[in-house]
Engineer: 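Before anything else, here's the structure in question.
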Amino acid sequence: MQKHRMENILKVLNPAQRQAAEAVEGPVLVLAGPGSGKTRVLTHRIAYLVRVCSVEPYNIMAVTFTNKAAKEMRARLETLIGEQLKHLTVGTFHAICARILRREAQHLDIESNFVIYDADDQKRLIREVLHELNLDDKTYRPASVHNAISRAKNELISPEAYDPPSYWYEAVSRVYGHYQKSLTANNALDFDDLLMKVSELFRGNETVLQRYQRRYHFILADEFQDTNHAQYTLLRLLTGKRGNLFVVGDEDQSIYRWRGADFRNVLRFREDYPDSKLFLLEQNYRSTQNILDVAHQVITLNRSRVPKKLWTQNPRGQKIVVFEAYDEHEEAQYVTGEIQRLVSQGECRLRDCAIMYRTNAQSRVLEDAFMRKGMPYKLVGATRFYQRREVKDVLAYLRLIHNPLDTVGLQRIINVPPRGIGRKTMVAVTDWAAQEGIPFYTALQLLREDEDSRRDTEKVNLPPMLPFDTRSRRVLLTFLVLLDDLIAARKTNSLPELLDMVLERANFARYIRNGTDEGEERWSNVMELHSVVQEYASLPAESALTVFLEDVSLVSEVDNLDEKTDAATLLTLHTAKGLEFYAVFIVGMEEGVFPHNRSFGEEEEMEEERRLCYVGITRAKSKLYLVYTFRRTLYGSQVVNEPSRFIRDIPKQLIAGHHPAPSRSTRNVPSPLRWNIPVEAPKVIKPSFSTGDRVQHDSFGEGVVVSSKSSVDDEEVTVAFVGGAGIKRLLASLAGLKKIE
DNA sequence: CTGGTGACAGTTTTT
DNA sequence: CTGTCACCAG
């Protein structure tokens with residue numbers, strides 16, 4: 001019986017995947033190449049634990065890096081273990097840590113209603129501290145300082161333990177200390193704190209740690225190559241002596257070194273758990289052999305990696321295309337034109353095409369081209385919804401209602417919309433509050449008390465301790481009344497009602513809708529927020545706000561990658577990780593752009609660029625285009641760059657039409673890429689489809705082969721599809737047709 | 001207090 | 001060429 005069920009659950013796995021999923025006891029490391037089905041292994045292992053090994057879902061924790069990945073895992077598990085899913089802990093490191101911290105707040109120097117500061121808030125606070133310490137923010141740029149602090153936190157180095165390696169870091173050390181104090185005073189944590197505090201908690205409190213260790217018998221972690229020291233430490237602490245730690249990763253796809261990720265954790269894992277089992281998933285289910293060969297050629301030049309090679313049963317497929325455009329405009333022209341061609345020839349749909357670039361700035365010209373051609377596109381990333389000024393402003397109000405001690409948030413919106421509280425007043429309150437050692441909000445409360453007592457009892461002659469003129473007092477108190485009213489309203493109103501009150505009482509509409517198009521745009525973002533909030537309408541008033549804020553601060557962009565709309569996708573190579581497309585265009589393949597010139601200095605950095613290229617290439621299922629320009633506008637000036645070294649690393653046999661635009665034959669630049677493409681002896685391949693075969697296509701669905709004809713290097717198959725797609729002529733190498741038995 | 005001006009720097013960003 | 005920030009004049 002049990003055996004039978006096991007068959008059911010794991011039968012869809014290949015032998016390597018299955019072995020990994022079945023290795024129940026002890027530490028397991030799975031090195032999983034792109035497209036090798038790692039999520040599948042993770043989910044099936046969980047299903048196996050629950051359904052075959054009778055492990056309580058309550059005792060399992062699965063950690064991911066993105067909410068998207070967590071969501072996807074949940075969705076897949078739903079079909080495997082059904083409603084048992086709800087007892088399972090699935091989430092991002094940060095979300096799981098935030099939950100733990102709220103529950104265990106009493107053991108820490110923080111209230112359980114703490115707010116989570118995002119990058120923006122963090123930078124504000126840093127700037128404030130720099131000011132406080134009279135540090136020049138030219139030498140100590142907030143971004144750099146913050147970066148240094150963040151790195152320290154990722155390494156679990158506290159301000160006390162921080163050992164500055166140079167004079168510059170001496171200052172960082174001081175800022176770090178103050179910054180941390182400020183966070184505590186604001187009852188706030190930054191992203192890094194979420195991890196660091198939990199690790200401190202676990203290390204400092206054996207009882208608490210044991211409670212969690214007793215609960216979680218099995219820990220699984222995705223994207224292990226992207227863990228930083230803090231995250232790895234957490235995994236180890238939670239795992240404890242039981243040792244059931246299952247991690248899946250791929251060093252070749254580690255692209256977040258600059259954020260503290262350390263793929264050497266993969267090596268460390270094997271040292272820390274010498275008895276761990278290692279599984280390699282090298283079969284790729286995504287790409288053509290040709291694309292995998294290209295990817296291999298690029299990644300294999302990295303020194304620090306475990307040698308491995310992907311293989312596939314997919315057809316060899318078409319050669320990849322390398323194209324030189326004159327400039328970024330022609331580049332965009334070429335790419336959109338090519339996509340148009342693919343779509344009109346019925347090879348794929350718009351949504352099967354993606355354009356990837358190294359830096360966000362490159363998206364502009366592409367967007368232009370799409371717009372001019374009237375082709376729909378979706379842009380991933382850009383200005384994230386929750387990062388938009390107007391959205392953040394409104395959110396700051398909500399956060400203040402939740403936690404009025406959040407001074408950064410308070411300072412953000414105390415004069416938004418403008419209500420006459422300017423710099424001078426702010427400095428006065430801030431100084432006074434600092435002097436008294438109280439939060440800003442408390443200072444306002446004292447001010448009101450002072451005001452009240454003056455009015456009530458004229459006898460009481462309070463010292464004129466408050467250095468404000470009448471006007472400042474008045475505007476400050478008006479604001480306090482507003483805030484307190486909102487705080488009071490929270491108890492009795494639903495979240496949407498509360499949001500309406502904020503908008504109304506603060507006069508947001510009038511402030512934002514200033515008559516310009518941009519104003520309308522911003523207002524529609526606020527309205528968008530309003531519709532998000534509707535989803536929390538049914539929650540009890542008391543908890544709705546808490547839940548909402550938690551979701552918002554840990555959710556990056558809502559997956560605006562909805563699969564429904566048919567549009568091409570524009571995204572950075574970084575955000576492309578984990579996705580796949582029929583056709584991938586990587587643009588800006590030029591020295592200085594990709595690899596980015598910031599990576600020229602250090603070998604390690606360059607290796608990361610190379611991994612990034614590998615990630616990009618392996619997103620493609622069937623078609624891959626690498627595009628570079630002869631000259632490009634960068635920061636407003638024209639530069640001429642060499643084609644990317646990554647292109648040079650690809651053997652010519654893997655590249656098809658390298659079409660130099662004819663109009664430019666006069667161009668006086670001997671491109672190192674003017675190869676002569678060797679003309680291969682045409683060979684006719686053996687047909688693999690014949691009339692009457694039933695076949696399956698990724699996008700067109702099921703169909704019947706009408707005719708099939710071999711041509712040079714490929715096979716042209718005519719298929720009548722069952723649904724609306726009708727009759728299509730397809731190239732066997734590209735279409736990914738599968739026969740149905 | 002507000003809005004305007006000039007200097008300046010400028011990857012990537014799962015949380 | 002941007003966007004951001006500090007600073008200064010109304």
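Please read these numbers as outputs of a predicted model, since none were measured by experiment. Values below: every heavy atom of this structure, side chains too, minus hydrogens, waters and symmetry copies. Chain A is the first sequence line, chain B the second, and so forth, proteins listed ahead of strands; every chain is numbered from 1.
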Engineer: Separation of A/Arg364 atom CZ from C/dC1 atom P, in whole Å?
Structural biologist: 12 Å

Engineer: What do you reckon, do A/His596 and the base of B/dT11 stack, with centroid distance below 5.5 Å and planes below 30°?
Structural biologist: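 Taking the rule of under 5.5 Å and under 30°, the ring of A/His596 does stack on B/dT11.
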
Engineer: Between A/Asn154 and A/Arg151, do the side chains contain a donor N or O and an acceptor N or O under 3.5 Å apart?
Structural biologist: no

Engineer: Measuring from the side chain of A/Tyr635 (C-beta onward, heavy atoms only), which nucleotide among C/dC1, B/dT2, B/dT15 has the closest atom?
Structural biologist: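 Minimum distance to the A/Tyr635 side chain belongs to C/dC1.
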
Engineer: Considering only distance and modelled atom types, tabulate donor-acceptor pairs under 3.5 Å from the side chains of residues 142-150 of chain A, sequence neighbours left out.
Structural biologist:
residue  : atom : partner  : partner atom : Å
A/Ser144 : OG   : A/Arg141 : NH2          : 3.4
A/His146 : NE2  : A/Gln122 : OE1          : 2.4
A/Ser150 : OG   : A/Asp192 : OD2          : 2.8

Engineer: OP1 or OP2 of B/dG10 sitting under 4.0 Å from any side-chain N/O of A/Asn360?
Structural biologist: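 Indeed not, no polar side-chain atom of A/Asn360 lies that close.
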
Engineer: State, without any angle test, whether A/Glu607 and A/Ser304 hold a side-chain donor-acceptor pair at a distance under 3.5 Å.
Structural biologist: yes

Engineer: Taking only side-chain N and O atoms of A/Asn597, does any of them lie within less than 4.0 angstrom of OP1 or OP2 on B/dT11?
Structural biologist: no

Engineer: Atom OH of A/Tyr614 to atom P of B/dT12: distance rounded to whole Å?
Structural biologist: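 Whole-Å distance recorded here is 24 Å.
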
Engineer: May I have the distance from A/Glu607 (atom CD) to B/dT12 (atom P), rounded to whole angstrom?
Structural biologist: 22 Å

Engineer: Tell me which residues in residues 219-232 of chain A lie within less than 4.0 Å of DNA chain B, going by non-hydrogen atoms.
Structural biologist: A/Asp226

Engineer: Who are the salt bridge (Lys or Arg N to Asp or Glu O under 4.0 Å) partners of A/Glu367, not counting sequence neighbours?
Structural biologist: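 Partners of A/Glu367 by the salt bridge (Lys or Arg N to Asp or Glu O under 4.0 Å) criterion come out as none, since no residue qualifies.
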
Engineer: Would A/Arg522 and A/Asp393 pass as an ion pair if we require N to O under 4.0 Å?
Structural biologist: no

Engineer: Is there a donor on the side chain of A/Arg259 or the base of B/dT12 sitting less than 3.5 Å from an acceptor on the other?
Structural biologist: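 No such pair is found, so the answer is no.
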
Engineer: With sequence neighbours excluded, tell me which residues meet ring pair (Phe, Tyr, Trp, His ring centres under 6.0 Å) with A/Phe224.
Structural biologist: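 In terms of ring pair (Phe, Tyr, Trp, His ring centres under 6.0 Å), with neighbours along the sequence ignored, A/Phe224 is linked to A/Tyr232, A/Phe269.
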
Engineer: Could you state the atom-to-atom distance from CG of A/Leu612 to C1' of B/dT13 in whole Å?
Structural biologist: 12 Å

Engineer: Please work out if A/Arg471 contacts a base, only the sugar-phosphate, or nothing of the nucleic acid, heavy-atom cut-off 4.0 Å.
Structural biologist: sugar-phosphate

Engineer: Regarding A/Ile421, tell me which of base, sugar-phosphate or nothing describes its non-hydrogen contacts under 4.0 Å with the strands shown.
Structural biologist: sugar-phosphate

Engineer: Can you tell me the distance, in whole Å, between the NE2 atom of A/His94 and the P atom of B/dT15?
Structural biologist: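 Checked: the NE2 to P distance equals 9 Å.
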
Engineer: Mark this stacking check for A/Phe65 against B/dT15 as yes or no, applying ring centres under 5.5 Å and ring planes under 30°.
Structural biologist: no

Engineer: Please check if any side-chain donor atom of A/Ser254 sits under 3.5 Å from a side-chain acceptor atom of A/Glu251, or the reverse.
Structural biologist: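 Judged by distance alone, the side chains do not pair up.
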
Engineer: Under 4.0 Å, counting only non-hydrogen atoms across every strand here, what does A/Lys424 touch: a base, just sugar-phosphate, or nothing?
Structural biologist: sugar-phosphate

Engineer: Residues two or more places apart in sequence or in another chain: which of them pass salt bridge (Lys or Arg N to Asp or Glu O under 4.0 Å) with A/Lys38?
Structural biologist: A/Asp222, A/Glu223

Engineer: Just the rounded figure in Å: distance from P of B/dT11 to CG of A/Leu634.
Structural biologist: 10 Å

Engineer: How long is the line joining CG of A/Asp120 and C1' of C/dG3, in whole Å?
Structural biologist: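 Atom CG in A/Asp120 sits about 13 Å away from atom C1' in C/dG3.
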
Engineer: Between A/Asp368 and A/Arg372, does any side-chain N to carboxylate O distance fall below 4.0 Å?
Structural biologist: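 A/Arg372 and A/Asp368: salt-bridged.
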
Engineer: Between A/Arg598 and B/dG10, is there a side-chain N or O to OP1/OP2 distance below 4.0 Å?
Structural biologist: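 Result: yes.
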
Engineer: Can you tell me if A/Arg141 touches the phosphate of B/dG10, counting only side-chain N or O atoms and a distance under 4.0 Å to OP1 or OP2?
Structural biologist: yes

Engineer: Could you tell me how far B/dT13 sits from C/dT4 if I compare only their P atoms? Round to whole Å.
Structural biologist: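 The same atom, P, in both gives a distance of 16 Å.
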
Engineer: If you compare every side-chain N and O of A/Ser599 against the phosphate oxygens of B/dT11 (OP1, OP2), does one of them come in below 4.0 Å?
Structural biologist: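 Checking B/dT11 against A/Ser599, no side-chain N or O comes under 4.0 Å of OP1 or OP2.
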
Engineer: If we count only N and O atoms by modelled type, under 3.5 Å, do the side chains of A/Glu608 and A/Ser599 hold a donor and an acceptor together?
Structural biologist: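 Side-chain D/A pair, A/Glu608 to A/Ser599: absent.
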
Engineer: How does protein reach along nucleotides 5-10 of chain C, written 5' to 3' as B (base within reach of a heavy atom under 4.0 Å), S (only sugar-phosphate), or - (no contact)?
Structural biologist: SS----

Engineer: Heavy atoms only: give me the nearest A/Ala295-A/Thr618 pair and the separation to one decimal.
Structural biologist: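 Answer, listing the atom of A/Ala295 first, then A/Thr618: CB-CG2, 3.6 Å.
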
Engineer: Can you check whether A/Tyr256 has a side-chain N or O nearer than 4.0 Å to OP1 or OP2 of B/dT11?
Structural biologist: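 Checking B/dT11 against A/Tyr256, no side-chain N or O comes under 4.0 Å of OP1 or OP2.
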
Engineer: Starting at atom CZ of A/Arg151, determine the distance to atom P of B/dT13, rounded to an integer number of angstrom.
Structural biologist: 19 Å

Engineer: C1' atom, B/dT11 versus C/dA6: distance in rounded Å?
Structural biologist: 25 Å

Engineer: Quick one: label A/Arg611 by what it contacts on the DNA or RNA (base, sugar-phosphate, nothing), any heavy atom closer than 4.0 Å.
Structural biologist: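 Nothing: the residue A/Arg611, judged by heavy atoms under 4.0 Å, touches no strand.
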
